[in-house]
Number of protein chains: 2
Amino acid sequence: MKPTIYDVAKEAGVAISTVSKVINKTGSIGKETKMKVLDTIRKLEYQPSVVASALTKKRIQTIGLLVPNIANPFMAEIARSIEDCGRALGFSLIICSTDNDLDKEIEYISILKQKYIDGIIIATGLKNDNAIKELIDSKIPVVMLSRDVPSLAVNTVVVDDFLGAYQATWFLKELEHEKIAMITEDVNFPAVKARVLGYQEALEEAGIRYDEKLVIKNNATYIDGIRAAQELLNLPDPPTAIFASTEVLAIGAIRGARELGFHVPKDLSVVGFDDTILASMFDPPITTVAQPIHDMGKKVIELLCDEINESKKVKQRIVLSPELVVRGTTSRNEKSLS
Amino acid sequence: MKPTIYDVAKEAGVAISTVSKVINKTGSIGKETKMKVLDTIRKLEYQPSVVASALTKKRIQTIGLLVPNIANPFMAEIARSIEDCGRALGFSLIICSTDNDLDKEIEYISILKQKYIDGIIIATGLKNDNAIKELIDSKIPVVMLSRDVPSLAVNTVVVDDFLGAYQATWFLKELEHEKIAMITEDVNFPAVKARVLGYQEALEEAGIRYDEKLVIKNNATYIDGIRAAQELLNLPDPPTAIFASTEVLAIGAIRGARELGFHVPKDLSVVGFDDTILASMFDPPITTVAQPIHDMGKKVIELLCDEINESKKVKQRIVLSPELVVRGTTSRNEKSLS
DNA sequence: ATGAAAGCGCTAACAA
DNA sequence: TTGTTAGCGCTTTCAT
């Protein structure tokens with residue numbers, strides 16, 4: 001049987017509370033006894049039970065991560081970043097793929113609570129914020145990732161979607177593109193709306209008239225990307241550049257363009273968003289707005305720890321800047337010279 | 001404060017053991033009291049503490065998944081499958097990315113043990129099996145996924161790598177390719193070796209002489225794929241087809257070929273392995289040996305549950321068949337007609 | 001069928 | 001500085 005704190009205490013000839021103290025570095029213990037305890041812990045290969053301590057401390061050194069789908073490369077990369085940052089602080093990571101389904105989200109939150117999880121990171125995008133509200137009311141440390149809940153005071157880490165879209169669009173403008181289209185998901189999330197706004201702002205500053213026929217909203221699948229691009233390219237006066245608000249949409253758009261005989265980037269420039277493995281492995285590698293995935297994980301864990309330790313009671317909202325990564329799907333607009 | 005089992009008992013006017021029994025469906029309880037208890041549970045919104053019960057039952061309804069890297073699309077898809085199958089049975093999933101680093105693997109295993117995890121799924125590939133041996137000796141339910149430990153009796157789920165490689169190679173042969181190369185990771189894992197063997201076997205049956213210059217072993221990065229393909233295509237008598245033992249290698253190979261002016265699939269056919277999102281989103285979509293990701297997750301959870309419940313004491317080794325998915329990176333060899 | 005009580009392994013007062 | 005002890009919330013005999 002695995003040794004318990006009692007075994008250690010007996011073997012070392014001290015009380016269990018003494019052992020507990022040296023393990024948790026609480027209270028004060030004599031250097032002598034401390035060494036003795038440490039020695040027998042090593043000798044017995046004793047490992048404290050996280051579960052037993054969780055019963056009193058209400059913490060099990062584990063955090064939950066709610067994502068739409070861990071199979072989505074962007075989420076998987078985010079998860080990896082969070083896992084690493086969390087591990088450094090002793091946290092394990094439970095993955096919860098909700099498919100953006102409210103019922104699953106509620107179910108997962110309920111389960112995580114039952115398990116005395118230390119905190120929850122929410123990176124799902126839902127229409128309904130009630131589940132989140134209740135969560136926060138129940139005093140469980142929460143931080144939102146890439147998701148704003150405007151009506152709530154809650155720790156949040158987001159990237160500047162407006163800026164990212166602006167950068168992408170402006171870059172296209174500097175490449176002398178004038179008809180710049182946008183493909184995006186058709187939902188009401190602040191993040192999505194901000195990207196459209198950033199696109200519009202850049203156009204305006206560039207002196208390009210905003211044309212709503214050039215903005216295609218739909219779902220965000222590969223197929224949607226293909227369709228949207230083809231719809232755009234079949235226009236009487238088709239765009240020479242497309243800003244896709246997602247890597248998958250960008251890849252779909254490229255595919256759609258190619259099927260119509262357009263060459264990327266010669267005939268059509270495409271900029272994506274996220275910078276997942278999909279962008280760098282595609283041929284040509286995709287010019288894209290990179291989310292600072294590593295920083296996002298780091299900040300999110302920092303905020304969560306602050307919340308867990310109650311060291312800071314003020315909620316924070318951290319906005320990280322994205323960065324345009326220029327690769328092979330964009331080029332100067334030749335038509336504008338004619 | 002969250003209600004405890006005591007609150008429920010008091011409110012319902014019964015003993016806590018009675019409440020415990022109705023929750024766990026153990027022992028026998030009168031229909032009357034059962035209803036009464038159930039009602040007050042609902043009324044109080046009582047949720048039993050998994051942690052407290054774990055203290056006696058030694059189970060926390062959570063399993064650990066050791067993978068090289070959750071950011072790897074194949075592993076992320078596997079994780080999703082396992083998550084879903086596990087959730088149906090009430091398990092949460094803790095992700096542990098080891099980077100195939102023995103120290104991290106050991107550290108993770110140790111942490112998982114401390115947390116009274118119910119079982120561990122190991123999908124990492126390591127040179128050293130000692131950590132696994134100890135794990136199994138310590139009676140924690142374990143199942144290996146895509147990893148054989150020949151010297152150990154342990155539940156295992158693998159796909160038939162030999163068969164997959166055979167199918168890929170044979171398919172290429174049926175396309176009348178005669179010079180078929182292979183690119184693979186250079187490690188000693190049974191899975192990797194089996195793929196090389198399957199390739200060789202198919203060649204032999206096809207009456208094609210095995211040429212070791214056509215087998216490039218290296219790491220398994222995108223860059224390695226590029227280099228390997230270029231090395232092959234620069235041969236005096238270059239291959240017309242490449243079987244890459246990984247999606248990433250396949251994508252690298254295609255890129256390498258294109259840089260040299262080869263068209264895929266006209267000048268060079270490429271077959272990959274895994275069938276992740278990378279394969280279907282690439283342009284053209286990649287012909288690949290699909291691993292039955294969903295079945296793998298299902299079987300792995302089944303085995304783990306058997307082990308957890310001790311219902312079956314015989315260790316099993318389940319071999320799943322891969323399936324060739326023909327897409328756009330393969331075509332008939334035109335040169336053979338000349 | 002139901003209840004009383006002894007743990008599970010640890011933490012945290014409180015004493016000494 | 002060290003030890004005693006009462007929980008934490010639940011499961012599980014063993015009585016009743």
Side-chain angles (χ1 to χ4, degrees), chain A residues 1-38 40-41 44-62 90 110-111 113-118 139 309, chain B residues 1-38 40-41 44-62 90 110-111 113-118 139 309:
Chain A
M1 213 33 226
K2 271 186 64 174
T4 72
I5 198 171
Y6 286 94
D7 301 318
V8 176
K10 193 190 293 174
E11 180 76 20
V14 298
I16 59 166
S17 57
T18 305
V19 178
S20 176
K21 278 165 198 157
V22 351
I23 292 171
N24 298 293
K25 307 187 200 330
T26 55
S28 45
I29 15 75
K31 201 158 177 94
E32 286 281 288
T33 36
K34 182 175 174 180
M35 294 312 290
K36 198 168 49 181
V37 170
L38 253 19
T40 82
I41 284 180
L44 267 44
E45 294 185 6
Y46 166 71
Q47 294 184 319
S49 156
V50 174
V51 168
S53 83
L55 199 50
T56 34
K57 295 208 288 198
K58 260 95 187 100
R59 295 191 194 164
I60 198 164
Q61 304 269 73
T62 301
S110 163
I111 291 175
K113 274 191 195 170
Q114 287 186 41
K115 291 186 180 162
Y116 289 177
I117 236 69
D118 297 50
K139 302 296 177 205
N309 302 323
Chain B
M1 210 36 222
K2 271 187 65 175
T4 72
I5 198 171
Y6 286 94
D7 301 318
V8 176
K10 192 190 295 174
E11 180 77 19
V14 297
I16 60 166
S17 55
T18 304
V19 177
S20 176
K21 278 165 196 157
V22 350
I23 292 170
N24 298 293
K25 306 190 201 329
T26 54
S28 45
I29 13 73
K31 202 159 177 89
E32 287 280 290
T33 36
K34 181 173 175 180
M35 294 312 290
K36 196 169 50 182
V37 169
L38 252 21
T40 82
I41 285 181
L44 267 45
E45 294 186 7
Y46 167 71
Q47 294 184 320
S49 157
V50 174
V51 168
S53 82
L55 199 51
T56 33
K57 294 208 288 201
K58 261 92 187 103
R59 295 191 193 164
I60 199 164
Q61 304 268 74
T62 301
S110 162
I111 291 175
K113 274 191 194 170
Q114 288 185 41
K115 290 186 180 164
Y116 289 176
I117 234 70
D118 298 49
K139 300 296 178 208
N309 302 322

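All values reported here derive from a predicted model rather than from experimental measurement. Lettering follows sequence order; numbering is per chain, from 1.
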Asks: Distance-only check: which donor-acceptor pairs under 3.5 Å involve side-chain atoms of residues 46-57 of chain A, not counting sequence neighbours?
Replies:
from    : atom 1 : to       : atom 2 : distance (Å)
A/Gln47 : NE2    : B/Ser110 : OG     : 2.7
A/Ser49 : OG     : A/Val51  : N      : 3.3
A/Ser49 : OG     : A/Ala52  : N      : 3.0
A/Ser49 : OG     : B/Tyr116 : OH     : 3.3
A/Ser53 : OG     : A/Val50  : O      : 3.2
A/Thr56 : OG1    : A/Ser53  : O      : 3.2

Asks: As an exercise, state the distance from CD1 of B/Ile5 to CG of B/Leu44, rounded to the nearest 0.5 Å.
Replies: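 Answer rounded to 0.5 Å: 12.0 Å.
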Asks: Do B/Ser17 and C/dA4 share a donor-acceptor pair, side chain to base, under 3.5 Å?
Replies: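 By the distance-only test, yes, there is a pair.
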Asks: To the nearest angstrom, how far is A/Lys57 atom NZ from C/dA12 atom C1'?
Replies: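 About 11 Å, once rounded to whole Å.
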Asks: When rounded to the nearest 0.5 angstrom, what is the spacing between CD in A/Gln61 and CD in B/Gln114?
Replies: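 Here the interatomic distance stands at 9.0 Å.
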Asks: So, do A/Val37 and A/Lys34 sit near enough that their side-chain heavy atoms are less than 4.5 Å apart?
Replies: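 Result no, sub-4.5 Å side-chain heavy-atom pair not found.
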Asks: To the nearest 0.5 Å, tell me how far B/Asp118 CG sits from B/Ile60 CD1.
Replies: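 Separation between the atoms: 8.0 Å.
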Asks: How close do B/Gly90 and A/Lys115 get, heavy atom to heavy atom, and via which atoms?
Replies: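 What the structure gives for the nearest pair is O-NZ, 4.2 Å.
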Asks: Distances under 3.5 Å only, N/O to N/O: pair up the protein atoms with those of nucleotides 6-9 of chain C.
Replies:
from  : atom 1 : to      : atom 2 : distance (Å)
C/dC8 : O3'    : B/Lys58 : NZ     : 3.2
C/dG9 : N2     : A/Ala52 : O      : 3.2

Asks: Going by heavy atoms closer than 4.0 Å, what residues in residues 28-36 of chain A are next to DNA chain D?
Replies: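 Within residues 28-36 of chain A, the residues near DNA chain D are A/Ser28, A/Ile29, A/Gly30, A/Thr33.
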Asks: How many whole angstroms separate atom CG of A/Asn24 from atom C1' of C/dA13?
Replies: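 Spelled out: CG on A/Asn24 to C1' on C/dA13 is 15 Å.
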Asks: What is the first contacted nucleotide of DNA chain D and what is the last, in 5' to 3' order, if contact means an atom lying under 4.0 angstrom from a heavy atom of chain A?
Replies: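 Both ends considered, the range comes out as D/dT1 to D/dG9.
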Asks: So does A/Ser20 get a side-chain nitrogen or oxygen closer than 4.0 Å to the phosphate oxygens (OP1/OP2) of C/dT11?
Replies: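 Yes.
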Asks: For A/Val14, answer base if it contacts any base atom (sugar-phosphate contacts may also be present), sugar-phosphate if it contacts only those atoms, and nothing otherwise; contact means non-hydrogen atoms under 4.0 Å.
Replies: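 Sugar-phosphate, no base atom in range.
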Asks: Pairs of donor and acceptor atoms involving the side chains of residues 6-23 of chain B, under 3.5 Å and at least two apart or interchain, shall be tabulated with distances.
Replies:
from    : atom 1 : to      : atom 2 : distance (Å)
B/Asp7  : OD2    : B/Thr4  : N      : 2.7
B/Glu11 : OE2    : B/Lys43 : NZ     : 2.5
B/Ser20 : OG     : B/Asn24 : ND2    : 3.4

Asks: To 10°, what angle do the rotation axes through the five end pairs on each side of the helix from C/dA1-D/dT16 to C/dA16-D/dT1 form?
Replies: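 Rounded value for the end-axis angle: 40°.
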